[in-house]
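Hydrogens, waters and symmetry mates are skipped; everything else that's a heavy atom, side chains included, is used. As the structure lists them, so they are numbered: ligands from 1, and atoms in each ligand from 1. Being a predicted model, the structure only gives us computed values, none of them experimental.
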Amino acid sequence: MIVVMAKDSTPEQLEDVKARISRRPGLEPQVSEGAERIVVGVIGTVTPDMRDEMALVPGVSEVIPITKPYKMASREFHPENSIVMVGDVAVGGPEPVVMAGPCSVEDEEQMVSTAKSVKASGARILRGGAFKPRTSPYSFRGMGIDGLKLLNIAKQETGLPIITEVMTPGDVDTVAQYSDVLQVGARNMQNYNLLDAVGETRMPVMVKRGLAASYEEWLLAAEYVLAGGNDNVMMCERGIRSFESVTRFTMDVAAIPVIKRLSHLPIIGDPSHSTGHWYLVTPVALSAIAAGAHGLLIEVHPNPDKALCDGPQSLTFENFANLMGQVRAVKGALAGDPVPA
Ligand code: PEP
Ligand code: MN
């Protein structure tokens, strides 16, 4: 349930509403202040008498039940788009934000050269995996903390903030210390202890869609982070399993407008993991932008043939520069947000 405050309500009336909610066992108020209105989300199971009581409280204009299982992630709870600030980069606004870099951190030269090149082409955030979830235990599983340190050298050289994956609750503090956005990978989207742990931080978190997750399951994963008190959540569509084997996964482009309709959270498209082939990355990236994505996650490597992970889907510096030019052209051709309000 959400309680919508009247436009002319007073701060005392808001406090009264919060107190009435907190007095009920198991219920908690979550205030969301938008440009247009203040809403108070009631987290917990609401009884019908509570709904009736709140409708009569001074300063309340409306009481709306949220029928969806996710509450704080829903559009009803927060009608305006959420903007997640990563340093001075705004994710969720009109400008698409491109996050680019190698699948895995390998060495200093690789990271610094990639950071400089993707920055020159217009990327705003640097990616690189140090803790890698790999299907096979024999594959390269990342450099761990040494990799986080190399990411920070590249950050010092370029000023680009860092996004990197965290795989276990026990690593959250360390990874948070060395990064600007915590990535929850597709394979961990339903690792509820990890979602709780990143929800305890106040860092930006990107929740990638599970390989076989429905929109509802994915939004409920985001809800874990929000319910922990961390508002800085973004979503990432990275392809889902289908019967097709030419592509690595199947990019669900419709997820972008669907998430924008159901939720206020920024949505990023990942054409690298969803396709698995470098020559598909640009066309699918453009489809994500045309569908209204707030940004892209793109794998770029100085020498894809020698990459320790995901070389076949990695763009060269030159191909990434070309992609960025085309992204700007498609964005420029759109008349505002393609998703109807
Ligand atoms: C990644 O972005 O590094 C990654 C492993 O992606 P996913 O979790 O989507 O497979
Ligand atoms: Mn990868």
So Val31 and Lys18, do their side chains get closer than 4.5 Å, heavy atoms only?
yes
Examine Arg238 relative to Phe249 and say whether NZ or CZ is less than 6.0 Å from the centre of the six-membered ring and inside a 45° cone about the ring axis.
yes
Taking transitive links into account, so neighbours of neighbours count too, which hydrophobic residues share a cluster with Tyr138 at under 4.5 Å side-chain distance?
none
Among all protein heavy atoms, pick the one closest to atom 3 (O) of ligand 1 and tell me residue, atom and distance.
Arg127 NH2, 2.8 Å
Short of 2.8 Å from the Mn ion (ligand 2), name each protein N/O/S atom, waters not counted.
Cys103 SG, His273 NE2, Glu299 OE2, Asp310 OD2
Shortest protein contact, atom 4 (C) of ligand 1 (heavy atom only)
His273 NE2, 3.5 Å
Do Gln110 and Asp107 have side-chain atoms, one donor and one acceptor, less than 3.5 Å apart?
no
Would you say Met234 and Val205 make side-chain contact, with heavy atoms under 4.5 Å?
no
Measuring from the heavy atoms of Arg209, does anything fall under 4.0 Å of ligand 1?
no
Restricting to pairs with a member in residues 121-131, which pass side-chain hydrogen bond (donor to acceptor under 3.5 Å, both in side chains), not counting sequence neighbours?
Arg127-Glu299
For atom 9 (O) of ligand 1, closest protein heavy-atom neighbour:
Arg238 NE, 2.6 Å
Got the closest protein heavy atom to atom 8 (O) of ligand 1, with its distance?
Ala186 N, 2.8 Å
State the atoms of ligand 1, each with its element, that fall below the 4.0 Å cut-off from a heavy-atom position in Gly185.
8 (O)
Could you tell me if the side chain of His273 sits less than 4.5 Å from the side chain of Leu211, heavy atoms only?
no
Looking at Glu165, which atoms of ligand 1 are within less than 4.0 Å of one of its heavy atoms?
5 (C)
Heavy atoms of other groups near Arg241 CZ, more than 12 under 6.0 Å:
no
Which atoms of ligand 1 are found less than 4.0 Å from any heavy atom of Lys132?
3 (O), 5 (C)
Would you name the heavy atoms of Val105 and Met143 that are closest together and state the gap between them?
O-SD, 3.4 Å
Minimum-distance protein heavy atom relative to atom 6 (O) of ligand 1:
Lys208 NZ, 2.9 Å
Taking side-chain hydrogen bond (donor to acceptor under 3.5 Å, both in side chains) as the test, write out the residues that go with Arg24, two or more places apart.
Asp49, Glu53
